[in-house]
Amino acid sequence: MSKAVVLVHGAFHGPWCWDRVTPVLDDAGVAWVAPELRGPDLHADADTVRRALDAMASDTDVVLVGHSYGGAVVTDAGDHPSVAHVVFLAALALDAGETLTSAGGEEATAIVHESPNLGDVIVANDDATITLPAEHVGPFLYGDCDDDTVAWAASHVRPQPAATFGQSPRRVAWRDRPSTYVVCTRDRAVHPDLQRIFAKRCGSAVEWDSAHSPFASMPRETAELLIDVAR
């Protein structure tokens with residue numbers, strides 16, 4: 001049985017965000033795919049991931065990784081027969097009926113509305129997308145990264161379809177697939193206490209001293225976790 005990792009990016013991002021992780025996977029001989037999510041909504045993005053999984057050899061065991069919004073995507077897509085394990089990286093491990101704006105239920109209400117939060121700085125556009133202004137990319141998403149990394153990320157982030165925030169997953173993969181949750185304790189985009197609510201839903205959990213984007217600040221540790229899970 002061959003092993004592979006499928007890397008699912010979060011909102012405002014693209015496959016580029018995994019560029020520091022994938023060389024470590026290559027060195028370890030672990031195959032990987034990083035599909036590009038284009039929306040226009042959560043279900044379409046999950047279908048994109050399913051097509052990437054369909055394209056893999058039938059004897060491949062996949063570790064499916066979702067970062068941030070990508071956690072909602074892998075929650076929906078992760079019941080695919082090829083998926084052996086789902087990893088949530090500071091991600092939205094939604095339950096049935098939850099959306100990105102209602103994630104975690106009543107237990108999360110006070111946490112989500114702590115200020116300042118990411119929702120306070122996102123800008124709504126006339127074309128049904130939302131934008132994270134460049135000046136907020138560092139503080140909210142890359143708080144433990146150097147200036148060059150922040151500039152690199154800010155030059156790549158793009159508008160996100162607003163509809164992705166309003167849909168619930170059609171399936172809930174963490175209910176019937178082995179899963180691991182990575183809590184990032186210095187995260188300003190997804191509150192660490194909200195992440196801990198999601199972590200309780202998963203089979204195992206670890207906590208990292210990281211801001212929201214460990215694929216940039218801790219790429220080797222991120223890759224090594226995925227390699228260990230794949231083995």
Side-chain angles (χ1 to χ4, degrees), residues 4-26 30-53 55-56 62-78 80 83 86-94 100 103 118 122 129-132 134 136-138 140-143 145 149-150 152-165 167 169 173 180-182 184 187-190 195 198 208 210-219 221-223 225-226 229:
V5 173
V6 174
L7 303 158
V8 180
H9 64 80
F12 311 111
H13 285 64
W16 57 267
C17 72
W18 303 105
D19 282 357
R20 296 182 179 181
V21 172
T22 53
V24 185
L25 298 178
D26 288 338
V30 176
W32 58 270
V33 175
E36 183 159 19
L37 308 182
R38 287 292 190 179
D41 55 35
L42 169 60
H43 297 166
D45 283 340
D47 290 342
T48 294
V49 173
R50 287 177 184 280
R51 287 191 292 273
L53 293 165
M56 306 183 82
V62 173
V63 177
L64 182 60
V65 188
H67 172 249
S68 195
Y69 160 70
V73 177
V74 303
T75 295
D76 187 298
H80 189 280
V83 175
V86 184
V87 176
F88 295 91
L89 187 63
L92 285 297
L94 302 184
L100 269 67
L118 189 61
I122 288 173
T129 64
I130 55 175
T131 300
L132 180 63
H136 296 301
V137 170
F140 282 94
L141 303 185
Y142 291 83
C145 293
T149 299
V150 172
W152 166 73
S155 72
H156 282 83
V157 294
R158 64 190 184 197
Q160 177 75 12
T164 55
F165 282 71
Q167 284 183 310
T180 299
Y181 197 99
V182 180
C184 295
D187 199 331
R188 290 188 63 199
V190 181
Q195 292 183 43
F198 298 138
W208 288 353
S210 168
H212 187 62
S213 302
F215 49 76
S217 62
M218 302 171 57
E221 292 87 343
T222 302
L225 171 72
L226 303 180
V229 172

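- Nearest heavy-atom pair across A34 and W18 is CB-CD1, 4.2 Å.
- The nearest pair of heavy atoms linking A90 to C184 is CB-SG, 3.9 Å.
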Contacts under 3.5 angstrom, residues 64-77 side chains, donor-acceptor by atom type, not counting sequence neighbours:
| unit_1 | atom_1 | unit_2 | atom_2 | d |
| --- | --- | --- | --- | --- |
| H67 | NE2 | H212 | O | 2.7 |
| S68 | OG | H212 | NE2 | 3.0 |
| Y69 | OH | D45 | OD2 | 2.6 |
| T75 | OG1 | G71 | O | 2.7 |
| D76 | OD1 | R170 | NH2 | 3.2 |
| D76 | OD1 | R171 | NH1 | 3.3 |
| D76 | OD2 | R170 | N | 2.8 |
| D76 | OD2 | R170 | NE | 3.1 |

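- In terms of heavy-atom proximity, S210 sits nearest to P214 at OG-CB, 3.5 Å.
- Considering only heavy atoms from C-beta on, L118 comes within 4.5 Å of L132 through its side chain.
- Atom-to-atom distance recorded for I122:CD1 and F12:CZ is 4.0 Å, nearest 0.5 angstrom.
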Start with the C-alpha gap between L89 and W208, add the side-chain angles, then the distance that decides, and say whether side chain to side chain contact (heavy atoms under 4.5 Å, CB included) holds. CA-CA 10 Å; L89 187 63; W208 288 353; 4.1 Å; yes
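- C145 approaches V150 most closely through the heavy-atom pair O-CG2, 4.1 Å.
- Separating the CG atom in L25 from the OG1 atom in T222 is a distance of 10.0 Å, to the nearest 0.5 Å.
- Scored by the side-chain contact (heavy atoms from CB on, under 4.5 Å) test, A162 finds I130 as partners (sequence neighbours excluded).
- By the 4.5 Å heavy-atom criterion applied to side chains, L226 and L7 are counted as neighbours.
- Judged purely by atom type and a 3.5 angstrom limit, Q167 has no side-chain atom pairing as donor or acceptor with the backbone of D41.
- Considering every non-hydrogen atom in both L141 and A189, the closest pair reads CD2-CB, 3.7 Å.
- Rounding to the nearest 0.5 angstrom, the gap separating the NE2 atom in H156 from the NE2 atom in H9 is 12.5 Å.
- Under the 30°/60° scheme for interplanar angles, the aromatic rings of F198 and Y181 are found to be tilted.
- Applying the side-chain contact (heavy atoms from CB on, under 4.5 Å) test to P159 and every residue at least two apart in sequence or in another chain returns N125, T129, T131.
- Scanning both residues, P35 and V6, for their nearest heavy atoms gives CD-CG1, 3.9 Å.
- Expressed to the nearest 0.5 Å, how far CG of L225 lies from OG1 of T180 amounts to 6.5 Å.
- Expressed to the nearest 0.5 Å, how far CG of L42 lies from CG of L94 amounts to 7.5 Å.
- The aromatic rings of H13 and W16 sit parallel to each other, their planes meeting at less than 30°, with 60° as the upper class boundary.
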Test V30 against V24 for side chain to side chain contact (heavy atoms under 4.5 Å, CB included), laying out the working first. CA-CA 9 Å; V30 176; V24 185; over 6 Å; no
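- Here CZ of R38 is found 4.0 Å from CZ of R158. Values are rounded to the nearest 0.5 Å.
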